[in-house]
Number of protein chains: 2
Amino acid sequence: MYLCVMKQYSLSEENYLKTIFHLEQIADGNVSTNDIAEKMETKASSVSDMIRKLGEKNLVDYIKYQGVTLTDRGRKTALRVIRKHRLWEVFLVEKLDFQWDEVHEIAEELEHIESEELISRLDAYLGHPEFDPHGDPIPDANLRIAKIEKRLLSELRIHQRGICVGVHESDNDFLQYLDKRQIGIGTKVFVEDIETFDGSMTILVDDNRYFISKKIAENIYVQIT
Amino acid sequence: MYLCVMKQYSLSEENYLKTIFHLEQIADGNVSTNDIAEKMETKASSVSDMIRKLGEKNLVDYIKYQGVTLTDRGRKTALRVIRKHRLWEVFLVEKLDFQWDEVHEIAEELEHIESEELISRLDAYLGHPEFDPHGDPIPDANLRIAKIEKRLLSELRIHQRGICVGVHESDNDFLQYLDKRQIGIGTKVFVEDIETFDGSMTILVDDNRYFISKKIAENIYVQIT
DNA sequence: TTTGAAGTTTAGGTTACTCTAAAAAAATAT
DNA sequence: ATATTTTTTTAGAGTAACCTAAACTTCAAA
Ligand SMILES: [Mn+2]
Ligand SMILES: [Mn+2]
Ligand SMILES: [Mn+2]
Ligand SMILES: [Mn+2]
């Protein structure tokens with residue numbers, strides 16, 4: 001029996017699939033052209049071109065004007081890229097001592113390196129990690145991905161406690177904001193007060209009291225404890 | 001003062017510069033279009049296009065019909081890529097337990113990842129290695145590259161001894177040929193006999209006697225001891 | 001139910017890189 | 001010195017990925 005490792009998809013195709021995967025997690029139905037364009041910082045017309053091509057390659061189901069859904073093949077390809085991205089992020093933080101806010105861009109390039117053997121050895125070398133430095137689950141070799149029950153900090157009610165398990169956006173500025181306040185994966189948070197007017201919160205982290213906007217609270221995932 | 005890290009060169013440009021660098025080491029004068037085409041397995045017309053472009057970018061000195069030479073800028077760029085290639089090869093062998101014949105292709109991709117910080121941390125993580133798994137010297141952070149005095153095994157005379165310090169071609173089949181005979185970097189070799197007719201050799205390696213063709217002997221570098 | 005705005009696709013163009021075929025220059029042989 | 005071969009460049013064309021502008025759908029407000 002021969003395991004046929006066929007020619008891989010282009011860097012661009014992989015980035016599109018990854019983006020569509022992430023948008024599918026949020027949106028309920030099909031993913032729209034405009035949403036993809038916005039997330040990828042490109043033009044809707046370019047997206048149209050690409051999803052037509054992805055459709056022809058059976059990576060997405062696409063009906064004109066109706067947006068796209070990943071096919072099984074497309075989803076698997078996306079998950080493979082995400083697995084590589086997150087494993088490389090772990091490598092950069094654990095082995096090369098990068099900060100969690102410095103690794104995203106580099107992983108964005110490394111995720112396209114094309115060798116099954118490489119990624120399986122890297123996985124083993126890192127001890128088969130289950131989460132990346134931002135708390136996101138890493139698909140295993142069979143592309144199965146853990147679903148952890150987490151909620152946005154903004155969904156917590158007053159006087160509830162939680163443990164930070166991840167962030168929503170991995171924007172550099174945001175991650176540095178958290179670093180400065182010593183908030184990271186595993187940090188315990190207590191909601192002292194919520195401003196009903198704008199949804200901003202007063203939270204306790206260790207011995208510090210922080211006042212955070214709703215936008216910040218909507219980007220931190222916690223497990224309620 | 002601002003260290004301007006400008007947009008890097010394309011994957012294709014980097015590969016051309018690297019190839020030209022390697023050809024310059026061998027050839028005396030300018031590097032010819034055809035030589036580049038052959039090494040890169042592409043057409044002379046494509047090479048012509050590219051070297052014109054590299055010339056415009058001041059990466060090579062180019063006079064039509066006269067071939068090219070790297071400029072300082074071009075040589076530095078080539079050395080940066082070679083440094084990355086060889087450091088990644090060390091990583092793959094030392095940390096991920098790849099064999100020396102398995103790493104070239106993967107490094108060929110990794111060498112284009114674009115982050116000074118990444119490569120300087122990788123360098124430190126590996127303990128600032130001086131040679132890659134094939135015995136080739138790794139340019140340091142200032143792009144200075146060690147020149148080791150080495151000769152081809154085929155240049156040795158009868159009854160001379162040497163230590164294997166590198167290989168010329170890194171062809172997979174060739175490296176596997178060496179592996180099978182337990183010949184690697186550091187292996188001690190004794191030239192027992194040389195066939196004057198075809199230049200083939202009988203050599204002693206540990207307790208084994210091998211009969212090798214001139215072509216093989218021309219691909220093994222040794223330091224005479 | 002019309003109509004306008006928003007969303008999406010198509011048409012046509014650009015750039016980077018590649019190719020084949022033909023033309024031009026250089027090197028080699030006679 | 002001239003003719004032939006080899007090397008190199010140019011001309012013209014294709015593909016992937018992107019763009020702007022124009023045309024076309026869809027959907028929701030009036
Ligand atoms: Mn990417
Ligand atoms: Mn991440
Ligand atoms: Mn390369
Ligand atoms: Mn090497």
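So that the names make sense, note that chain A is the first sequence line, chain B the second, and so on, each numbered from 1.
For A:Lys18 and A:Glu14, the salt-bridge test fails: no basic side-chain N is under 4.0 Å from an acidic carboxylate O. B:Arg86 has no carboxylate O lying under 4.0 Å from a charged side-chain N of B:Glu111, or vice versa, which leaves the two without a salt bridge. B:Glu24 and B:Arg75 are joined by a salt bridge, as a carboxylate oxygen and a charged side-chain nitrogen come within less than 4.0 angstrom of each other.
Atom CG of A:Asn15 is separated from atom C1' of D:dA16 by 14 Å (rounded to the nearest Å). Rounded to whole Å, atom P of D:dT7 lies 16 Å from atom CG of B:Asn30. Distance CG (B:Asn34) to C1' (C:dA26): 13 Å, rounded to an integer number of Å. Atom C1' of nucleotide D:dT10 and atom OH of B:Tyr62 are separated by 10 Å, given to the nearest angstrom. Between the P atom of D:dT7 and the CD1 atom of B:Ile51 lies a distance of 15 Å, rounded to the nearest Å. The interatomic distance linking B:Met50 (CE) with C:dA16 (C1') rounds to 8 Å, in whole Å. One interatomic measurement links the two molecules: CE of A:Met40 to C1' of C:dT8, which rounds to 17 Å at whole-angstrom precision. Look at OH on B:Tyr65: it is 4 Å from C1' on D:dT9, rounded to the nearest Å.
Distances shorter than 4.0 Å separate some side-chain N or O of A:Lys64 from OP1 or OP2 on C:dT10. Of the side-chain N and O atoms in B:Lys43, none sit less than 4.0 angstrom from OP1 or OP2 of D:dT9.
Of the two residues near DNA chain D, A:Ser10 and B:Arg52, the one whose nearest nucleotide lies more 5' is B:Arg52. Between B:Val47 and A:Asp49, the one whose closest nucleotide on DNA chain D sits nearer the 5' end is B:Val47.
Looking at heavy-atom distances under 4.0 Å, A:Ser46 makes contact with a base. Residue contacts shown for A:Ser48 include a base, since a base heavy atom lies under 4.0 Å away.
For the residue pair A:His134 / A:Glu89, a side-chain donor-acceptor distance below 3.5 Å is found, with atom types taken as modelled. For the residue pair A:Asp132 / A:Trp88, no side-chain donor-acceptor distance below 3.5 Å is found, with atom types taken as modelled.
In the interface, the side chain of A:Ser45 is paired with the base of D:dT20 through a donor and an acceptor atom under 3.5 Å apart.
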